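Structure first, commentary second.
It should be emphasised that the depicted structure is a prediction, and the values quoted were computed from it without experimental measurement. Chain letters run A, B, ... following the sequence lines, proteins first and then strands; every chain starts at 1.
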Amino acid sequence: MNNKSIRILLSEAKKMHYSYNSGFKNLISSYAWPILLLIQTFYSYQSFDFSAGIWADFNSPKHVIVYLLLGFVGYNSFMLLVTGAFYTRREREDGTLEAIFQTPANRLSILFGRALGSSVANASLFILFGIVITIITGEVSRMIFLWPFVFVLMLITGSIWGAFINSIFLFSRDIDIIFTILDEPMSFFAGVKFPVSILPIGVRLISNLFPLSAILALMREMTLGNNHIDIVSNLLLLFVISDIFIVLTVIIEKKAEAYNTENGSFNLF
Amino acid sequence: MLSFIGETMIEIILETFKRYFITKQRAYPWSFFVSRLIRMAYTMIFSYIVYCLMANRSLTNAFVDVTSTTNYMTYVLVGTIVFTFSVASILSVGRAYMGEVREGTFLSLLLTPASRTAYLLGVYLEQIVRYIPEILIALLFGKLFGVTIVIHNLLDFFISVVVLLMAMFAFGVFMANLMLFLRDTFITQNTVTTIIYLLCGISFPVGFLPYLVRIISYCIPVTLSIDLMRDVLLHHVSIDYGKTIFLIILSFLYYFTGIFLFKISERKHVESFG
Amino acid sequence: MYEVISLVKEYHNQVKKSRSLLKEKTTKLAVNNISMDIREGKIIGLLGINGAGKTTTIKMLSSLLKPTSGELIIDGIDGVENPFEIKKRVNMVAGGERALYWKMTAKENLVYFGTLYNIPKKELEIRISELLSLVGLEEVKDLEVEKYSKGMKQRLQIARGLINNPKYLFLDEPTLGLDVSIAREMRTYVRKLAVEKQKGLVLTTHYITEAEELCDYIYLINEGTIISQGTPHELIQSARLGTEIIVRTNRKTSFTEEVIYPFILKYGNQVIVMDNLLELRVSLKRSNVSDFLGLLITQKIEYESINIAEPTLEATLIELTKQNSIKGEDNNE
């Protein structure tokens, strides 16, 4: 990406932040809902006696809490990076999507910018959860060095995923249903609430398709340090998956733009 | 006179039902149906994975003591079905007025002498009809996880269903007027559904929550609705008339609060239109 | 110059038949063989009823819509193959309150769009300042757009449309819903853009007086086809509508049969008496007007007022559209 593209990316991110990702409503959706859902999961787990299960790490309440917290930070971080996609429909109605595609701006920069529009909310989420996890684990020095690295990794991978989802949403106004279909599986297969290692091998392979899966495994290994995964090979896997998603994003964007110019569907009315 | 009012109300209910059925069929023929089924499916799958693969079907004593059951999957399925229905009520009845505001037809609705309750009943009826296939599919899906719903007492089941429908309608009316009052749907509906998911005993017993929070739980009609259904379908005990009457009273409270909010919103809306 | 050659746009849709599960494939010819030349410093009008194909044409010219066939040659470059070359040279302004971010200020909106056009930062700052001054929004540049009036939003739209200093600007109903005075101001800007800034403008509007005032050349579109073109004067001439003369008296029963007989003799059924014999109307060729006035004097008609109205562009366009529809019906038979 050259200076021109970075400038467009930052401009798009700024626009998304001011137009859609700031204000009281965003506070509620970015923090209140995830925290309530986290509490719900925590209470659900109180129903189960894990000592009889195969996942021994879940025997320690502290471990369960940190495990779930990391899952939620990762998942909600990804969700924040995807929220820009939901505003595509509104931009179609407002005529601003058409105005954007009227310009010769680099499309990939726009898509990444849309994803990164929630960076401020993301950073605050990371700081908040980072503090909480540090208090629970007591691993202050480890978290001070680790957490910013985890945040940057999450932001890069998440923005690639966000750009990918944004490109799909360019296709048409009715594409929302596709996301509804993908959202639950992502939470499921990426191991947000439970370790994917307990799933059958075929299902685990699907899990590897989601970048969130690799990120969460890395985050948990770095924070809890249980030697369940090899960090280097997981980083490599993340790099490969991310590259695949970048390529897919470029292809889908081109197809979506061609579709919209053929059918005049940049705007709804 | 009364029969005339009754006939008019039935007409309004049926016409509203027809209108919503046709417009939803054209705008969203499958999306709501599919998305709700997916959510239910994943809730069941997640519960199964945690219960069977992680905990090896082992429940804590706390759970068994509070719920008086070890049949976790049936416990979750009943909770999920009632929860999904309550969310559907919020999304249909709850968003009815704001939907009219967004389409610019709310003022036209206010101009008519039509009963607002009849209008909302029409919306509710449409949603019930849409939900029936979803329940059937959910029950079939439950069978995959070894859940078989058996009705031992038909009368108790019938009473529970009627009271549940009444409670969810009242809740929907309250939500419709709350959203109109707040002039917001997205934040309100998602906040309320998230709170219901946490507080109403869908996948864990309300008894796990702190005492003060439990009081709030029981003030939400969904909690007792789920309790009633679990009594009949899971525990196979006779209907608890104390809970039933309390739920009916709660429903009336929600309904009348909704009507009160509507009077304020109606005035504000008409004034702002000038 | 921007050359538009034989532009065609077909839409293919799948429409569900009523009371049936089956879908039917339909094809709609929205634009059929439209050609025009857009020159710098000139204002072209694209007029027609709703659904005529004006907006579809504009969108093809601005690269938002791909033509089914035809050519778009912009400054010698093939625009269909290289839509980004069009994007660099044109911009579009649509009427209404769209295409702006309401939660951002005017300045923020312009910075954003300017960045998308890759205008260097320093140059962008200067340009934004000039544009805000041009459209009279300097004082409110740091106010959120949602607080603007309709007229202010429309002016900001113009500024946004000029942010990339386009050679060609397309204005799709730019004065839609504006107050009379604001609309007049808007027309002044538009004229300035062509005359002073030498932009090539294409304007669509339902306000015919606006087209008459602004346009150097007009294309009249109906059902996706150009049915007539020319300067406003040429179009009026081509419709062959007469000059309308209305003579009014204040005495009842003035225009009796006896009085108007010479007129009927000379001008036949073009002579119409109205309003309880107080008004005489006639639609004549320009060359016959002085002859008619001479006849009034000869017949010693005591009139209170005489109104002479040249055919308007509005009447011309209605007539031309009607003629085209009749021709179309005849061809079908």
Side-chain angles (χ1 to χ4, degrees), chain A residues 1-26 84 87 90-111 113-114 117 172 254-269, chain C residues 9-13 28 30-31 55-56 58-60 62-68 80 82-105 108-109 111-121 124 144-146 157 160-161 163-164 166 170 172:
Chain A
M1 262 196 187
N2 54 26
N3 281 344
K4 196 167 74 171
S5 304
I6 292 172
R7 198 172 155 228
I8 291 168
L9 187 155
L10 291 172
S11 196
E12 182 70 29
K14 200 171 162 190
K15 175 214 89 185
M16 290 302 289
H17 173 74
Y18 283 119
S19 294
Y20 306 119
N21 291 336
S22 53
F24 175 70
K25 289 186 179 183
N26 281 90
Y87 291 110
R90 198 155 128 195
E91 294 225 43
R92 262 185 228 277
E93 287 171 9
D94 292 347
T96 44
L97 190 72
E98 190 177 71
I100 290 169
F101 278 86
Q102 175 69 73
T103 73
N106 181 288
R107 300 336 192 193
L108 202 60
S109 303
I110 291 172
L111 292 173
R114 293 179 79 80
S172 84
K254 281 200 186 331
K255 291 219 178 288
E257 191 166 357
Y259 174 82
N260 286 318
T261 42
E262 185 58 46
N263 297 301
S265 46
F266 276 119
N267 59 359
L268 271 176
F269 309 112
Chain C
K9 183 64 191 170
E10 265 180 9
Y11 286 110
H12 303 285
N13 286 314
K28 186 186 172 201
V31 166
T55 303
T56 306
I58 292 259
K59 286 197 177 177
M60 284 193 281
S62 55
S63 80
L64 285 170
L65 201 57
K66 191 176 175 193
T68 306
V80 176
N82 306 289
F84 275 59
E85 292 303 320
I86 295 181
K87 291 179 201 295
K88 287 176 192 168
R89 291 167 171 79
V90 312
N91 211 326
M92 189 173 91
V93 174
E97 299 167 305
R98 296 159 53 81
L100 295 169
Y101 291 99
W102 287 24
K103 290 272 181 211
M104 291 177 21
T105 65
E108 284 167 348
N109 266 278
V111 167
Y112 170 67
F113 283 108
T115 310
L116 294 186
Y117 280 102
N118 193 35
I119 298 164
K121 223 172 175 175
L124 185 59
E144 283 166 9
V145 172
E146 64 184 352
Q157 282 244 47
R160 187 194 56 74
I163 195 69
N164 61 322
F170 308 124
D172 196 0

Taking [Y]'s backbone N and O only, do any of them form a donor-acceptor pair with [X]'s side chain (distance below 3.5 Å, no angle check)?
{"X": "A:T261", "Y": "A:A258", "result": "yes"}
{"X": "A:E12", "Y": "A:L111", "result": "no"}
{"X": "C:N164", "Y": "C:V90", "result": "yes"}
{"X": "C:K9", "Y": "A:E262", "result": "yes"}

Below 4.5 Å from any heavy atom of chain A, which atoms of [X] appear? Answer side chain, backbone, both or neither.
{"X": "C:P67", "answer": "neither"}
{"X": "C:I163", "answer": "neither"}
{"X": "C:L100", "answer": "backbone"}
{"X": "C:Y112", "answer": "both"}

Subject >> Side chain, backbone, both or neither of A:E257 within contact of chain C (heavy atoms, under 4.5 Å) >> reply: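 It is the side chain, since no backbone atom gets that close.
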
Original post:
Between A:D94, A:I110, A:N263, which shows the greatest number of heavy-atom pairs under 4.5 Å with chain C?
Top reply: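 Greatest number of close heavy-atom pairs with chain C: A:D94.
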
Original post:
Most heavy-atom pairs under 4.5 angstrom with chain C, which of A:S19, A:P104, A:G23, A:A99?
Top reply: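 Top option by heavy-atom pairs under 4.5 Å: A:P104.
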
Subject >> Euclidean distance, C:N118 CG relative to A:I8 CD1, rounded to 0.5 Å >> reply: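 Rounded to the nearest 0.5 Å, the CD1-CG separation comes out at 6.0 Å.
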
Original post:
Counting heavy-atom pairs under 4.5 Å to chain A, which of C:L65, C:I86, C:L64, C:V111 comes out on top?
Top reply: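 Ranked by heavy-atom pairs under 4.5 Å with chain A, first place is C:L64.
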
Original post:
Out of C:A99, C:A94, C:P120, which one racks up the most heavy-atom pairs below 4.5 Å with chain A?
Top reply: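 It is C:A99.
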
Subject >> Electrostatic pair C:E144-C:K103, nearest N-O below 4.0 angstrom >> reply: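 No, this pair does not count.
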
**OP:** On the 0 to 90° scale, with breaks at 30° and 60°, tag the A:Y20-C:Y101 ring pair as parallel, tilted or perpendicular.
**Re:**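 Ring orientation of A:Y20 relative to C:Y101: perpendicular.
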
